[in-house]
Amino acid sequence: MSMQPRDVGDSDPHQPGLTCDLAATPIRRIRQLVRELLDDHLGVLRDDAVLVADELVSNAIQHGQGPRSCRLTLIDNGRGLLAEVTDAGPGTPHMRTPDNNGGRGLVLVNRLANSWGVRWCQGRKTVWAELVSDATKHNGRAPHLAIAPEWTGQE
Amino acid sequence: MSMQPRDVGDSDPHQPGLTCDLAATPIRRIRQLVRELLDDHLGVLRDDAVLVADELVSNAIQHGQGPRSCRLTLIDNGRGLLAEVTDAGPGTPHMRTPDNNGGRGLVLVNRLANSWGVRWCQGRKTVWAELVSDATKHNGRAPHLAIAPEWTGQE
Amino acid sequence: MDRPGVIRPANDRPRASRLSVDTREVDGAVVVEVTGEVDLDTAPRLREAIAVALAETAGGRCVLDLTTVGHLDSAGLTALVDATREAAAQQARLRIVVDANRPVIRPIEITGLNQVLHLYESVDEALDESATS
Amino acid sequence: MDRPGVIRPANDRPRASRLSVDTREVDGAVVVEVTGEVDLDTAPRLREAIAVALAETAGGRCVLDLTTVGHLDSAGLTALVDATREAAAQQARLRIVVDANRPVIRPIEITGLNQVLHLYESVDEALDESATS
Ligand SMILES: Nc1ncnc2c1ncn2[C@@H]1O[C@H](COP(=O)(O)OP(=O)(O)O)[C@@H](O)[C@H]1O
Ligand SMILES: Nc1ncnc2c1ncn2[C@@H]1O[C@H](COP(=O)(O)OP(=O)(O)O)[C@@H](O)[C@H]1O
């Protein structure tokens, strides 16, 4: 079973998954789809996957440019999810110091996903995140959280 | 044949490739290794792969934090290269507007590689780039080059 | 689906997230009860509801009950952080009731906002003048 | 190899890149002939050589011959851009000879620097007072 992020448009057709055009799919529907794809008994992992997919989609809407699409793929024999959100915008997703205007989306993704990243291909970028149930979550050990030294602060 | 970027430490052991500790390997040696891995007749692709690997390694040295390592893997039946450079620094690689102080490393990577990206896993990041010989290069069409409107300018 | 015939801009996309807000007065405090999903689409409504409640209390107490919220993402977290700051600026108090509701408490704790927001286990506790978060 | 016993900082890593610089005077101009690889490790030496040559010409002409450079990366490109700017600031001229040498001309063209650098096909052409890039 593959744990490898796939290239845009290069997803394995034998993997259960689906692609949505974000110009036609509400964020709410993406959350529903994640819940439907992942089994109930996965508990926290399922909630986390819903949140992670929601954050990637929200970012594509707020910071990206159309066309925007979201692909959800079951991995790890159905016990994990790969969420891939593609947009045509030039900006680079990056962890920033959270403040009153935001900055907690990728902090959540970075803490909840086992791995995440960005890939650029033919002028589009895909932001992806993988959650799998059996791997140890790395809570608080991520050195790149260090860029957010005041992330609990209010101003 | 896989065109998928691999997770850190998740490289296929059957793929010909090698890993170097950048604390012990000069940049020059990385270039030699790329040349040795890729066949002579690949011509421009081989030169481009040398340059792309050089840029990723240079960036890890300049902007990243140790431990730093570089993995080179043959892909596409030996007609392509996947270069992966891992470091423990918090910064996010991003295209910036080139100026007198630099900013051309990722412009080159973005133009010469068929795809490239960053992935975060357990507090480390891996910057990777793939070059394959049979795919069409996307020259000048990349909209995210638009972030560098004055990239030929001097000041 | 990548290249739809009609490319809609981000502000013309379908929104379906559900959020209902119920505001009542209890012992001179305003209790704002929120049910549904707080996300990019509904966070502005949450902000607005809190702003109205804070204006009504006039330097008093506002209790935000999130125990029946089923989803809270970073857009919601930002709304909570900003409303808490705004309340403090107005000399008012914004107390947030979360109990053990996972979809709300998990994102709050993971982003460390339990150190910043004034969290309570129940509306009664939050209404108790003597209680501190 | 990810976790070496001794973690060396970036400034204590091995450097092996080769660059040789040969400077001569021709018809009142300084010709700097560079052979080898211009990268993160050797770009400072290239900068230094150009700076010295520019100082020697005192507002005159400097020709940088890169036809025997086998590798040029973005660190080298930055050195060339900055030296060109520095030359202009000193009222001097920095002319760069590249001919069809692929490892040099390819990164220059891909980054659009052929619009910025003063490029020539041969040292003779660059030395020709009447020639413009
Ligand atoms: N899809 C995207 N396109 C461009 N930039 C992005 C994208 N996703 C995230 N970013 C950048 O990363 C930053 C951090 O994102 P995030 O942590 O979600 O916080 P927020 O969206 O509240 O700013 C954003 O401010 C934005 O600059
Ligand atoms: N490995 C890395 N770690 C952290 N930041 C990086 C890394 N690689 C690139 N960057 C960031 O991306 C920017 C652009 O890189 P590049 O295009 O190579 O230009 P330059 O290195 O000359 O600034 C850098 O300035 C740096 O901020």
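Protein chains get the first letters and strands the later ones, always in sequence-line order, with residue 1 at the start of each.
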With chain B, which of D/Ala75, D/Pro107, D/Pro103 has the greatest number of heavy-atom pairs at distances under 4.5 Å? D/Pro107
Quick one: do the D/Thr111 and B/Arg104 side chains pair a donor with an acceptor below 3.5 Å? no
Start with the C-alpha distance between B/Thr126 and B/Glu84, add both sets of side-chain angles, then the distance that settles side chain to side chain donor-acceptor pair (under 3.5 Å), and finish with yes or no. CA-CA 6 Å; B/Thr126 299; B/Glu84 299 170 289; over 6 Å; no
Residue part contacting chain D, namely of B/Arg29, when any heavy atom lies under 4.5 Å: neither
Without hydrogens or angle criteria, can the side chains of D/Asp39 and D/His71 be said to hold a donor-acceptor pair below 3.5 Å? no
For the candidates B/Gly64, B/Gly103, B/Ala60, B/Gly102, which exhibits the highest count of non-hydrogen atom pairs separated by less than 4.5 Å from chain D? B/Gly102
Please say whether more than 12 non-hydrogen atoms of neighbouring residues, nucleotides or ligands are located less than 6.0 Å from CZ in D/Arg18. no
